Structures are given as structure tokens and as C-alpha cells.
Amino acid sequence: QVQLVESGGGLVQAGGSLRVSCAASGSIFAVGVMGWYRQAPGKQRELVASINTGQIPNYADSVKGRFTISRDNAKNTIYLQMNDLKPGDTAVYYCRSLVRSSRYSTNYSEYWGQGTQVTVSS
């Protein structure tokens, strides 16, 4: 099995910064794309940012220029640095990863973390 453990959420005032982390562990042969999603109350889960094994990022338009995703392949860990936070960024942030667990199969499976709350006060 594979576990994704997130950390670093919390409460911050508008204009402030937070960094969240997500580490994958367990039965891992290779890790593919990793990313952050968020879900606010009453809204659908949406992509915030993702990053592939080549360190190429992809961002939602709403966070471009404010958030930075990075990745440490040796640690199977991604980070999301969030600057200039706005009340609209308030949500539970979830980590998602595609993981290949066996050298004998080329299949990647999808895993999600438990989520970490980010609250931005005005």
C-alpha cells in the first residue's frame, strides 16, 4: 500500500504565506505526477497545481504568480508554497499522486492524502 501524508496547513491572515508538504511512502517503485487539489465547502474539488517527474509545473489560473509547487524526487515529496493568500483560498488541500508499485507492472495507481485545512482570514 501507499500512503500520502500531508502537513503544514493552518490559519493565516490575508496576504500571508503558508507551505504545505506531502510525502509518499509505502510500496513504491516509481512515482509519477504529483499534485495539490482543494475543496471548499459546497464546491467541487479542483486542481491547484501539479508537477511531473521532470519538474514541470502546472497551475490553476487562480493561483498563478502566488503559489509555487516543487518536488524532491529522492524523498517522493512535493511542496506547495502559497504566498499572498486570499480568503478565497480557504479550503481543504489534498495531495494526489500516481504511483507504480511493482517493477513487473507498468500500471500507475492513484492515491490521495487525508487533506489539510488552510484557512485565510480577511
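Just so it is clear, the structure is predicted and the values come from calculations on it, not from any experiment. Note that these values count all heavy atoms, side chains included, but never hydrogens, waters or copies made by symmetry.
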Geometric class of the Y94/W112 ring pair [parallel <30°, tilted 30-60°, perpendicular >60°]: perpendicular
Salt bridge (charged side-chain N to carboxylate O under 4.0 Å, His left out) involving D72 - partner list, sequence neighbours excluded: none
Stepwise side-chain contact (heavy atoms from CB on, under 4.5 Å) check, N73 with Q55: CA-CA 9 Å; N73 286 331; Q55 306 285 355; 3.6 Å; yes
Contact check, side chains of M82 and V120, non-hydrogen atoms, under 4.5 Å: no
Can you give each donor-acceptor pair under 3.5 Å made by side-chain atoms of residues 2-14, sequence neighbours left out, with the distance rounded to 0.1 Å?
unit_1	atom_1	unit_2	atom_2	d
E6	OE1	Q114	N	3.0
E6	OE1	Q114	NE2	3.4
E6	OE1	G115	N	2.5
E6	OE2	C95	N	2.6
E6	OE2	G115	N	3.4

Residue list, salt bridge (charged side-chain N to carboxylate O under 4.0 Å, His left out) with K43, at least two apart or on another chain: none
Side chain proximity check, Q117 to T90, heavy atoms < 4.5 angstrom: yes
Any donor-acceptor pair under 3.5 Å from S97 side chain to V99 backbone: no
Hydrophobic cluster membership, V92 vs V48, 4.5 Å side-chain cutoff: no
K64/D61 salt bridge by N-O under 4.0 Å criterion: yes
Test item: S27 side-chain N/O and Q1 main-chain N/O as donor-acceptor pair under 3.5 Å: no
Any residue meeting salt bridge (charged side-chain N to carboxylate O under 4.0 Å, His left out) with R71, in chain and number order, not counting sequence neighbours: none
Residue pair R100 / Y108, side-chain donor-acceptor N/O under 3.5 Å: no
Pairs where residues 53-90 contributes a residue and the test disulfide bond (SG atoms under 2.5 Å apart) is met, not counting sequence neighbours: none
Listing, residues 16-25 side-chain donor-acceptor contacts under 3.5 Å, not counting sequence neighbours, or none:
unit_1	atom_1	unit_2	atom_2	d
S17	OG	N83	OD1	2.9

